[in-house]
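Counting from 1, the numbers follow the sequence of the chain as shown. In this text, all values refer to a predicted model and were calculated from it rather than measured experimentally. Just follow the structure's listing: the first ligand is 1, and inside any ligand the first atom is 1.
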Amino acid sequence: MIALRLHKSDAHLIRKVVIVRKIIIAGNWKLNKNIKEAVELVNDLKARCAGVTDVDIVVCPVFTALSKVAEALKGTNIGLGGQDLYWQDAGAFTGEVSAPLLKDAGCQYVIIGHSERRQFFGETNETVNNKIKAALAHGLIPIVCVGENLAERESGKTFAVVQDHVENSLKGFSAQETEKMIVAYEPVWAIGTGKTATPAQAQEVHSFIRKLLEKMHGQAVANAVRIQYGGSVKAENTRELLSQPDIDGALVGGASLKGDSFAGIVQGALAQ
Ligand code: PEP
C-alpha cells in the first residue's frame with residue numbers, strides 16, 4: 001500500500017491531484033556502533049525490513065562505518081546517510097568530511113543542522129545553508145533539522161525559532177532545489193528524553209513549516225517536501241504521529257540502534 005498524504009486545505013483539488021509523499025524513516029545512530037556492530041545491525045535490518053517498498057528506510061552510521069555498511073546494504077531497500085558534512089569539497093580542513101567523500105562512501109542522504117550540532121558544535125543557519133548547498137551540488141539528499149528547545153517552547157517562541165531555522169537555513173535555493181530536501185522537525189526537548197510531542201503538537205508545527213515553504217516557493221513545492229518528525233519516536237507512537245496529514249516520516253535516534261525497535265517503527269509507518 002502506498003502511503004498517500006492528503007491535505008485538508010487542498011480539498012478542492014483532491015479530485016484532480018493526489019499528493020503523494022512517500023514516508024521516510026531514518027535512523028540517526030549518532031556516536032554509536034563500531035564497524036562490526038554497524039554491519040550486524042544493518043544485516044538484522046535487511047532481514048526484518050525485506051520487501052518493504054512503500055516506506056523509504058535510511059540509516060546514518062558514524063563516518064568510519066559508512067563504507068562497510070554501504071557494502072552490506074548494496075542491492076537492498078535501505079538507504080545510507082552521513083550525519084554531517086563540511087561544505088568544501090577538499091583541502092586543509094582537518095577532521096572534516098565532504099559531500100564527495102560521503103558519495104564515495106556510498107551515501108545518498110546527509111543529516112544537516114541536527115540540534116546536537118547546533119548545540120555543541122556551533123552550527124548556525126548560515127553553516128547549515130552552506131552544507132545544504134554542498135549536499136545538493138553532489139547529489140546528496142539533505143535532511144535538514146529544525147526545532148525549538150525547551151526554554152523557547154515554554155516562552156512561546158516555538159514558531160519564531162522554527163521560522164528562523166526554516167527561512168534562513170533554506171535561504172537562496174530554487175524551487176527545484178528545495179523540492180529535493182527533507183525537513184526534520186525535531187523539538188529539542190523531545191530528543192532522547194522519552195518526551196514525545198503529541199501528534200497534535202507536532203502536526204501544528206509541521207503544518208506551519210509547510211506554510212512557510214509555500215510562502216517561499218509556492219504550493220507545489222510545499223506539497224512535495226517531506227517533513228519528518230523527530231523526538232523519542234518508537235514503534236508504539238509511530239502510527240499515531242504519522243497519521244497526521246503533514247508528518248511524512250520520522251528521524252529516529254535511540255530507537256534506531258536496535259533492529260527490532262527500528263523495524264517496529266517501519267512497521268508502524270506501513271500500518272498508518
Ligand atoms: C534525534 O537525535 O534525531 C532523535 C530524534 O533522537 P531520539 O529519537 O533518541 O529522541
Side-chain angles (χ1 to χ4, degrees), residues 23-33 37-38 41 45 55-63 65-66 78-85 107 109-123 128 131-132 135 141-150 152-153 158 161-162 165-166 169 181-199 201-203 205-206 209 226-242 244 246-269 272:
I23 287 175
I24 175 162
I25 305 294
N28 172 16
W29 294 1
K30 310 192 184 188
L31 184 47
N32 293 293
K33 302 213 177 280
E37 292 163 341
L41 176 51
L45 282 176
V55 170
D56 283 335
I57 307 168
V58 180
V59 294
C60 303
V62 296
F63 291 141
L66 284 173
I78 302 177
L80 184 67
Q83 296 177 16
D84 186 29
L85 84 175
C107 292
Y109 298 85
V110 60
I111 298 171
I112 298 177
H114 190 278
S115 63
E116 286 150 18
R117 299 228 49 97
R118 290 181 189 260
Q119 194 180 345
F120 304 130
F121 302 100
E123 194 85 89
V128 170
K131 290 178 179 192
I132 298 171
I141 299 171
I143 298 177
V144 184
C145 302
V146 303
E148 80 289 358
N149 64 31
L150 185 60
E152 289 161 344
R153 173 154 288 255
T158 296
V161 170
V162 170
H165 285 175
V166 170
S169 298
M181 300 177 197
I182 293 165
V183 175
Y185 168 57
E186 297 210 302
V188 181
W189 49 270
I191 294 181
T193 58
K195 262 193 217 167
T196 316
T198 64
Q201 277 174 322
Q203 167 58 26
V205 180
H206 280 236
I209 293 170
R226 292 183 287 181
I227 308 176
Q228 293 176 305
Y229 167 79
S232 299
V233 174
K234 43 190 189 283
E236 296 74 27
N237 57 26
T238 303
R239 196 174 167 176
E240 212 190 341
L241 283 161
L242 293 188
Q244 300 298 313
D246 289 296
I247 302 184
D248 308 313
L251 182 56
V252 185
S256 70
L257 295 173
K258 287 196 174 147
D260 57 351
S261 50
F262 192 59
I265 291 170
V266 172
Q267 288 308 322
Q272 76 73 42

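Not counting sequence neighbours, Glu152 has no partner by the salt bridge (charged side-chain N to carboxylate O under 4.0 Å, His left out) test. Residues meeting the side chain to side chain contact (heavy atoms under 4.5 Å, CB included) test with Glu37, sequence neighbours left out: Lys33, Asn34.
A distance limit of 4.0 angstrom between heavy atoms and ligand 1 selects the residues Asn28, Lys30, His114, Glu186, Ala190, Ile191, Gly192, Gly230, Gly231, Ser232, Leu251, Val252, Gly253, Gly254.
Two residues are said to be in side-chain contact when any heavy atoms from C-beta on lie closer than 4.5 Å; Phe121 and Asp84 fail this criterion.
Within the model, atoms CD1 of Ile111 and CG of Asn28 stand 4.0 Å from one another, a figure rounded to the nearest 0.5 Å.
Each side-chain hydrogen bond (donor to acceptor under 3.5 Å, both in side chains) pair with one or both residues in residues 185-195, not counting sequence neighbours, appears once here: His114-Glu186, Glu148-Tyr185, Glu148-Trp189, Arg153-Tyr185.
The backbone N or O of Ile182 lies less than 3.5 Å from no partner atom in the side chain of Arg226, so there is not a single donor-acceptor pair.
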